[in-house]
Structures are given as structure tokens and as C-alpha cells.
Amino acid sequence: MTTAIHPLAASPPAGTVLLICSDARLARRYIVELASAGGPHRAPLATSVAQAEAMLRDWTPHVIILDQTCIEASFLVAASPDTLEPTVATLTKYAPVVFVASAEHRDALAFLIAAGSVDLVARLGDFVPVTVGLAVRRAHIGEMASSAAPNERERARNFGETLRPEVNNPLTGILGNAEMLLK
């Protein structure tokens with residue numbers, strides 16, 4: 001089962017999803033849904049954007065779930081386009097963001113959505129499974145990308161090993177002929 005951990009835990013979190021939600025009951029629903037969707041075994045929980053940024057200094061998740069309640073709690077008012085885009089854009093430096101908010105914020109985040117940095121899930125009906133589905137998909141893509149990097153390095157090294165004799169053999173012949181010409 002997925003469990004939330006406190007950001008001040010001794011070891012860095014092992015999960016691939018950072019959950020930012022100031023509503024305790026909603027955070028619990030996200031965590032339960034992550035567990036049932038085959039998500040990470042641990043999903044660190046931040047109750048504010050500032051707390052999440054502090055956690056992100058030491059750890060980089062594959063995806064961030066950001067609930068609108070944190071934005072409103074940070075600014076003590078409804079999130080405006082002037083405060084919303086810079087706040088979400090700051091988080092996209094670390095990982096893609098699945099932002100859960102009312103649909104009216106779509107225009108404020110249009111650039112980030114078009115860039116593929118943000119997925120917006122409207123807070124209508126049962127939005128938690130949709131949010132978790134997007135987050136698990138993004139986390140899976142992030143894991144594949146991070147595991148592909150060593151494979152690319154290994155393939156490049158193997159290519160160099162394969163190419164070495166094909167380059168060295170002709171060079172050896174050229175060097176031998178050059179030495180005979182010098183004598």
C-alpha cells in the first residue's frame with residue numbers, strides 16, 4: 001500500500017511521485033488510488049508549494065501531482081493567472097506536473113500545457129482516478145527515460161569497441177609503410 005511520508009524523514013523518498021495537497025482527506029484519496037493503480041510504494045506528501053520546493057532540492061521525482069488547494073493556501077485567495085503560471089512553471093523545472101484545478105485555469109497554463117510540461121485535470125466528478133492515471137503514466141515514462149540513459153552509454157561504448165580494430169588495422173599498415181619510407 002502506498003504511504004505518505006514526512007519530508008523530513010532520514011532517507012530520501014523512494015517514490016517517483018511527489019504529491020502536493022493541503023487537503024488531508026483528498027491527499028489520502030490520492031494515496032489510496034496510487035496504491036490501487038500500481039503506482040509507487042511511497043508517495044512523499046507536501047502540504048504547500050514552499051514545502052515541496054524544499055523537498056525538491058534534495059530529490060527529483062518523475063512526476064508531481066499539484067492540487068489547487070495548495071496554491072490557494074499559499075496565496076490565501078483563489079489562484080489568479082498572475083500567480084498561477086509562475087508557481088507551476090517553477091515546479092516543472094524538476095518534473096512534469098499533473099495540476100488538478102478548475103477548468104478556468106486552462107488559459108493561464110496554456111503555454112505549459114502546450115509545451116508538454118503540465119497536464120491539467122479539471123476538478124469535476126471523480127477526478128482522482130484520472131489524476132492518478134496521468135501521474136502513473138508520466139512516472140512510467142520518466143522511469144523508462146532514466147533507465148534508457150545507461151543503455152545508450154553502453155551501446156556507444158560497444159560501438160567504440162567494435163570500431164577500434166577497423167580503425168587500428170589500417171592505421172597500423174600506414175604506420176608500417178611510413179616507417180619503411182623513412183628508413
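Computed over heavy atoms, backbone and side chain alike; hydrogens, waters and symmetry mates excluded.
The heavy-atom pair separating His62 from Ala139 by the smallest distance is CB-CA, 3.8 Å. When all heavy atoms are compared, the tightest approach of Ala122 to Ala103 is CB-CB, 4.2 Å. Pairing each heavy atom of Cys21 with each of Leu45, the nearest pair is O-CD1, 3.9 Å. Across all non-hydrogen atoms, the minimal contact from Glu85 to Leu109 is CA-CD2, 4.0 Å. Considering every non-hydrogen atom in both Ser102 and Gln68, the closest pair reads N-OE1, 2.9 Å. Minimum interatomic distance between Ser22 and Thr47 (heavy atoms only, all atoms of both residues): CB-O, 3.4 Å.
Here the OG1 atom belonging to Thr87 is positioned 8.0 Å from the CD atom belonging to Glu53, to the nearest 0.5 angstrom. To the nearest 0.5 Å, atom CG of residue Asp23 and atom OH of residue Tyr30 are 9.0 Å apart. We find the CZ-CG distance between Arg138 and Asp119 to be 4.0 Å, quoted to the nearest 0.5 Å. The distance from the CD1 atom of Ile65 to the CZ atom of Phe99 is 13.0 Å, given to the nearest 0.5 Å. Note that CG of Asp107 is 11.0 Å distant from CG of Leu84, once rounded to the nearest 0.5 Å.
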TODO: Report the C-alpha distance between Arg28 and Ile31 in whole Å, list the side-chain angles of each, state the deciding distance to 0.1 Å, and finish with yes or no for side chain to side chain contact (heavy atoms under 4.5 Å, CB included).
DONE: CA-CA 5 Å; Arg28 182 72 185 146; Ile31 291 167; 4.1 Å; yes
- [ ] Determine, step by step, whether Val63 and Val97 satisfy the side chain to side chain contact (heavy atoms under 4.5 Å, CB included) criterion, reporting the C-alpha distance in whole Å, the side-chain angles of both residues, the deciding distance to 0.1 Å, and the verdict.
- [x] CA-CA 6 Å; Val63 66; Val97 176; over 6 Å; no
- [ ] Kindly indicate, with the supporting measurements, whether the criterion side chain to side chain contact (heavy atoms under 4.5 Å, CB included) is fulfilled by Val100 and Thr69.
- [x] CA-CA 9 Å; Val100 184; Thr69 57; over 6 Å; no
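Taking the side chain as every heavy atom from C-beta outward, Val128 and Thr131 never approach each other to under 4.5 Å. Residues Leu66 and Val98 fail the side-chain proximity criterion, which asks for heavy atoms closer than 4.5 Å. Between Ser117 and Phe111 there is no side-chain heavy-atom pair separated by less than 4.5 Å.
A salt bridge is defined here as a Lys NZ or Arg NE, NH1 or NH2 lying under 4.0 Å from an Asp or Glu carboxylate O, and Asp126 with Arg29 meets this definition.
A search for side-chain hydrogen bond (donor to acceptor under 3.5 Å, both in side chains) contacts involving Arg123 returns Asp67, not counting sequence neighbours.
Residue Ile64 forms a side-chain contact (heavy atoms from CB on, under 4.5 Å) with just one option from Leu19, Val17, Leu18, and that option is Leu18.
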